[in-house]
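What follows is a short report on a single structure.
These figures come from a predicted structure and were not determined experimentally. Index from 1, following the sequence. Below, all heavy atoms of this structure are taken into account, side chains as well, without hydrogens, waters or symmetry copies. All ligand and atom numbering here is 1-based and tracks the order in the structure.
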Amino acid sequence: MYFNYFWLRDNCVTSWDSSTQERTFDILDESDDLHATSAWLDNESLDIIWSDGFESRYDLHWLERWHKGENHGDLAVRVRKTWYGDHYSDMARFNYDDVMLNPASVADWAEAMLDEGVALIQHMPNSDEGLKTLCELFGTVRPSFSGYTFDVKSKANPENLAYTSKALELHTDLPAEELAPGIQFLHCRVNDAQGGNSLFVDATAVANALKQQHPKYFKILTEYEVPYRYTTDYQDVRTKQRIIELDPNNGEVSGINFSQHLADVFDFSQREMDTFYPAFRKFGQMLQYSQYLMTFRLNAGECIVFDNHRIAHGRESFEKGSGARHLRGCYVDRGDLRSVYRVLRARYSKAKVTAPLQPSLEM
Ligand code: OGA
Ligand code: ZN
């Protein structure tokens, strides 16, 4: 196995502060020709005496792990389970009281978020505080250009299509932001309107199908930088995003940025439009195919929590004046979710799924 001298010296066990676990050693201060003057194997360790006389000891299993690329063995790097239009009955469900009281249930919830990208929290309190306490289980609420939270209700002068009774096409929220929000919470406080069913799609399933069926389109959507823009009287937020995002850990499709409401005028050359539009249109059409589309009614007291980079969501139109409808939303970062998962899963193993009791044949 080959190991670089700077890497070895930088990662000596003495490099870290024992209480904060932060690196306090400064590799920048070492001489350019840092090298080992002697090195030997001692049972389970490699000992090195460095050119400045410092001595380091390395556990051989630890070295082997890094050599193999196993790194820290990140619990949060998991294989995504794609789902389809019939997912509603299988969707992971948790009770508010349960996750508030049991960290083991939070670990299970976080695992469902990593694997499936969506979960339903039931029996929510009918209060602003309920949403806040729920999302603080994953992290700090991260503001967006709509503030810390947002209320989806129809308004007299809406600044946003969501605040009307019109249908919302499948989209991910706020791709006009440089770091589009990660995990989205939508807490249904009231839903007495006629219509307004929720639409959810696992866009990784659709993107994987696009990759198989139209590999050229897939490649285009992972490469083109698409402009998004959100404007109000006092805001002009713009950025560019790739429609399909790939996971740098394993090259898998990790998510999408897709919103026709917030798409700006595409600024590629007109020849590139000939290449881009067919790919964009095919992918957008496939998102709407019924095989991928989970349609359901979100009820008062439920909070749907989903990965805003992976799950496209929308709603059907509802009848104006037919009844009140109010969803309150907020976001946390995906990094917060992964952090919570690493810490909790290391402490609590997954709750055992017990098989339902078989009725006894003998009476
Ligand atoms: C939104 C949104 C869903 C709904 O406001 O961005 O997706 O059901 N709302 O109103
Ligand atoms: Zn939305």
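Counting just the N/O/S atoms of D173, the one with the shortest distance to the Zn ion (ligand 2) is named OD1.
Using a 30° and 60° split on the angle between ring planes, Y224 and F276 fall in the tilted class, from 30° to 60°.
Protein heavy atom closest to atom 10 (O) of ligand 1, with residue, atom name and distance, is R315 NH1, 2.8 Å. Of the protein's non-hydrogen atoms, A162 CB, 3.2 Å is the one closest to atom 5 (O) of ligand 1. Annotation: atom 8 (O) of ligand 1 to nearest protein heavy atom, R325 NH2, 2.7 Å. Nearest non-hydrogen protein atom to atom 9 (N) of ligand 1 is L168 CD1, 3.5 Å.
For the residue pair H313/D173, the side-chain donor-acceptor check at 3.5 Å is satisfied. A donor-acceptor pair shorter than 3.5 Å can be found between the side chains of H309 and E245.
The only option from F138, F150, Y148, F306 that meets the ring pair (Phe, Tyr, Trp, His ring centres under 6.0 Å) definition with Y331 turns out to be F150.
A cation-pi geometry, defined here as NZ or CZ lying under 6.0 Å from the six-membered ring centre and within 45° of its normal, does not hold between R238 and Y228.
Atoms of ligand 1 found under 4.0 Å from any heavy atom of D173, numbered from 1 in the order shown, are 6 (O). Within ligand 1, counting atoms from 1 as listed, the ones closer than 4.0 Å to a heavy atom of V152 are 5 (O), 10 (O).
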